[in-house]
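Beneath this line is the structure, given in structure tokens, with notes to follow.
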2 protein chains.
Amino acid sequence: MAVTMKDVALRAGVSRSAVSRTFTKGASVSAKTRAKVEKAAAELGYSPNALASSLTTGRTKLIGLVSNNFHNPLFLEIFDLFTRGLQDRGLRPLLVNLSDETDPANSIRMLRQYSVDGVIVASSTLPPSFAEAFRSAGIPVVHSFGRYSTSPHVHVVGIDNVACGRMAAEALVARGYHRVAFMGGPESATSTQDRARGFLEAMREHPDIDVSISYAAAYSFDAGRAEMQRLLKAGPAQGYFCGDDVLSIGALSAIRDAGLNVPRDIGIIGFNDMEMAGWEYINLTTIRQPLPEIIDASIELVIATIEHPDRHPETRLFPCRVIERGTLPPLDRANTPRLAKPA
Amino acid sequence: MAVTMKDVALRAGVSRSAVSRTFTKGASVSAKTRAKVEKAAAELGYSPNALASSLTTGRTKLIGLVSNNFHNPLFLEIFDLFTRGLQDRGLRPLLVNLSDETDPANSIRMLRQYSVDGVIVASSTLPPSFAEAFRSAGIPVVHSFGRYSTSPHVHVVGIDNVACGRMAAEALVARGYHRVAFMGGPESATSTQDRARGFLEAMREHPDIDVSISYAAAYSFDAGRAEMQRLLKAGPAQGYFCGDDVLSIGALSAIRDAGLNVPRDIGIIGFNDMEMAGWEYINLTTIRQPLPEIIDASIELVIATIEHPDRHPETRLFPCRVIERGTLPPLDRANTPRLAKPA
DNA sequence: GGCATTTTTGCAACCGGTTGCAAAAGCGTC
DNA sequence: GACGCTTTTGCAACCGGTTGCAAAAATGCC
């Protein structure tokens, strides 16, 4: 069915090696034979079989892209950037959806069977051990959006969640609130743990401010809404740091339903700055992760590791920044107001 | 580096064929040798190279998943369903992002080089010719969310957009509006054309109702918002059918910014019922496409075509239905109210 | 033109599997 | 134990490429 090297060689009147060489850049072919081969190839509509060549070269140009986040709209942006970035570098993403409870070992075996050159694990909720399993299997891997570790066993690219927690705390402090809170995602997510830690750390410098923490059941709208409804009943804080934009939007929904105004009655700062956060309709003050940089670095790092497999595990963290929008009161720099403590 | 069949054969004291056979179901191996091989394989951590075997079997179990919609949150749900559905059937999605203006011919060549068993084109905006190019290249293909055609050259799975346009029209008529409009996505998208057609067709039966049509520049929040702002200035209709949920949310944002109330002043019915549409915060009345069914059918169809390449091109359309929420006035079935015409 | 040197070319072996075929082994029966 | 039949096994060729090596062709120089 498909046209192979042999057909082209026959038609061009050269050996199969010659055909192989005209399609391998840097190989030694005379201009004359190259022309003959290219003509024959064009006439037959030949294009080399990447899989067959991978057998001898040991490279498939396949990159496993593993994620368990198929419900957070941010990940559509992430997939967009990853697929484009990989394509631009001549690599092909083999997508693995870990969202149902498929055995992780399964996907590792699968990706090995397909001889992927490397793997990118894109998730802030998977444990470090998951990415490490690839490394033990001898597959170059980088964990994007993973947790920073001082003795990493695996490349990590992402952000400093502790610093972000601090940053959020400071944004709330700057509003003069005397009662603030962190509303995290599931407590088991490392990203949530770190943000909580940074938040508390920063608040320790403001002992006069009341701090509390609670966790939503998932990084989802419903979970955020439910958790905020619970908080509203219990008596809410003045300013919330929500561990994710979707969570924030859920919280906003609960707050408005309760007849309260954001940011007048309650202020919210979210996390991620997904596209939707910028919609005028939502207009969420939030903390932006520099996705393009993180993803570019992830790809570069996995490529570098493919080339030098013994490269030391490395952590690359990118700075985040607050995006001021409408869910926190405007910041008057000349005069950071301090709300009066209640009587 | 990697452990191959030969290593296992050596260790188990059998031939390479024996190893191959124990990993090929339905092959003839005695229980005794199978046990020996499995033991050796386990000890060495062997798993067969899928790519090498594809050379002789002609099957890679790779499915090209091609899309150009990496900005509409609906597609995250779609990718989730596709990847899970493919994985469940032992197939692997090779993701292709067509969103930048990469030459389509390029991705066809690429997918051929990787010998994908089949291709699924998931897009409502790509022209039919794109999917057809795969078919001419001899690659089984189905176009999901594609346009229905009476003489299809390619399998299409999706919805009847004309019928949906009609359905939306009827939903607006039922509210007793005397001035309605369709606000589509880009006029070049076949889905928009069809929805517009169905909408107009249905409205032809209500000559007393004013109908107008306009198009947003893209299927995006900003485009929907901008277009609605324009309409508001020009004097808006009472009820709008927006060709997509994201567009609808953009429109909602413009309407609220103008100080108007939905659904009291203006009613909106969207399209797609993406997850977000159900958020209380948004609460969009919309038309739901049965995504799981469409995606299941797409996968089944591509598998069937791989098995019988000469299968006739087929169209499978699934019924949509209106999801009543808060952006159209409630429907009082006993007494469909008819607003008084203006003086 | 002759010679040494460089470039190009084809042969053949290999990558990691599968599979048709014939020989070998196993089995049941007399 | 011999016989016929079925099952299991290994050999060898093949899938579609790549690549080291030595022979062949081209090139440069005198």
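Just so it is clear, the model here is predicted, and its values are computed rather than measured.
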Donor-acceptor pair between A:Ser20 and A:Ser17 side chains, under 3.5 angstrom: no

Using a strict threshold of under 4.0 Å (side-chain N to carboxylate O), is an ion pair present between B:Arg89 and B:Asp296? yes

Check every atom of D:dG10, C:dC15, D:dG17 against the side chain of A:Leu55 and return the nucleotide holding the closest atom. C:dC15

Closest to the side chain of B:Thr33, out of D:dT9, C:dC15, C:dG17, is D:dT9

Between B:Asp7 (CG) and C:dG16 (P), how many Å, whole number? 8 Å

Over how many whole Å does the gap from B:Lys25 atom NZ to C:dG17 atom C1' extend? 20 Å

Starting from the 5' end of DNA chain D, give me the residue, B:Gly13 or B:Thr56, whose nearest nucleotide shows up first. B:Gly13

Determine: side-chain N/O of B:Ser20 to OP1/OP2 of C:dT18, distance under 4.0 Å, yes or no. yes

We want to know whether B:Ser30 and B:Thr33 form a side-chain donor-acceptor pair, criterion being a heavy-atom distance below 3.5 angstrom. yes

In whole angstrom, give the distance that lies between atom CZ of A:Arg34 and atom C1' of C:dT7. 14 Å

Any N/O pairs under 3.5 Å between the protein and nucleotides 20-23 of chain C? List them or say none.
{"from": "C:dG20", "atom 1": "O6", "to": "B:Arg21", "atom 2": "NH2", "distance (Å)": "2.9"}

Audit row: B:Glu314, B:Arg316, salt bridge (Lys or Arg N to Asp or Glu O under 4.0 Å) steps and yes/no: CA-CA 7 Å; B:Glu314 185 178 312; B:Arg316 294 199 198 167; 2.7 Å; yes

Is there a side-chain polar atom (N or O) of B:Ser30 under 4.0 Å from OP1 or OP2 of D:dT9? yes

Quick one: A:Asn49 CG to C:dG17 P, roughly how many Å, whole number? 16 Å

Out of D:dT18, D:dT9, C:dT8, which nucleotide sits closest to the side chain of B:Val29? D:dT9

Can you check the A:Gln113 CD to C:dG17 P distance for me, whole Å? 10 Å

Is the A:Tyr46 ring parallel, tilted or perpendicular to the A:Phe23 ring (thresholds 30°, 60°)? perpendicular

5'-most contact on DNA chain D (nearest-nucleotide basis), B:Ala31 vs B:Ala52, goes to B:Ala31

Look at A:Ser28 and C:dT8 and indicate whether a side-chain polar atom (N or O) is within less than 4.0 Å of OP1 or OP2. yes

Which residues satisfy the side chain to side chain contact (heavy atoms under 4.5 Å, CB included) test with B:Ser136, sequence neighbours excluded? none

For A:Lys6 and C:dC11, what is the distance between atoms NZ and P respectively, to the nearest whole Å? 14 Å

Rounded to whole Å, the CE-P distance (B:Met5 to C:dC15) equals 11 Å

Looking only at side-chain N and O atoms, does B:Tyr46 come under 4.0 Å of OP1 or OP2 in C:dG17? yes

Atom CZ of B:Phe23 and atom C1' of C:dT19 are separated, to the nearest Å, by 18 Å

No-H, no-angle donor-acceptor pair, B:Arg16 side chain to C:dG17 base, under 3.5 Å: yes

Are A:Asp80 and B:Asn97 linked by a side-chain donor-acceptor pair shorter than 3.5 Å? yes

Salt bridge check, B:Asp7 against B:Arg11: does any charged N sit closer than 4.0 Å to a carboxylate O? no

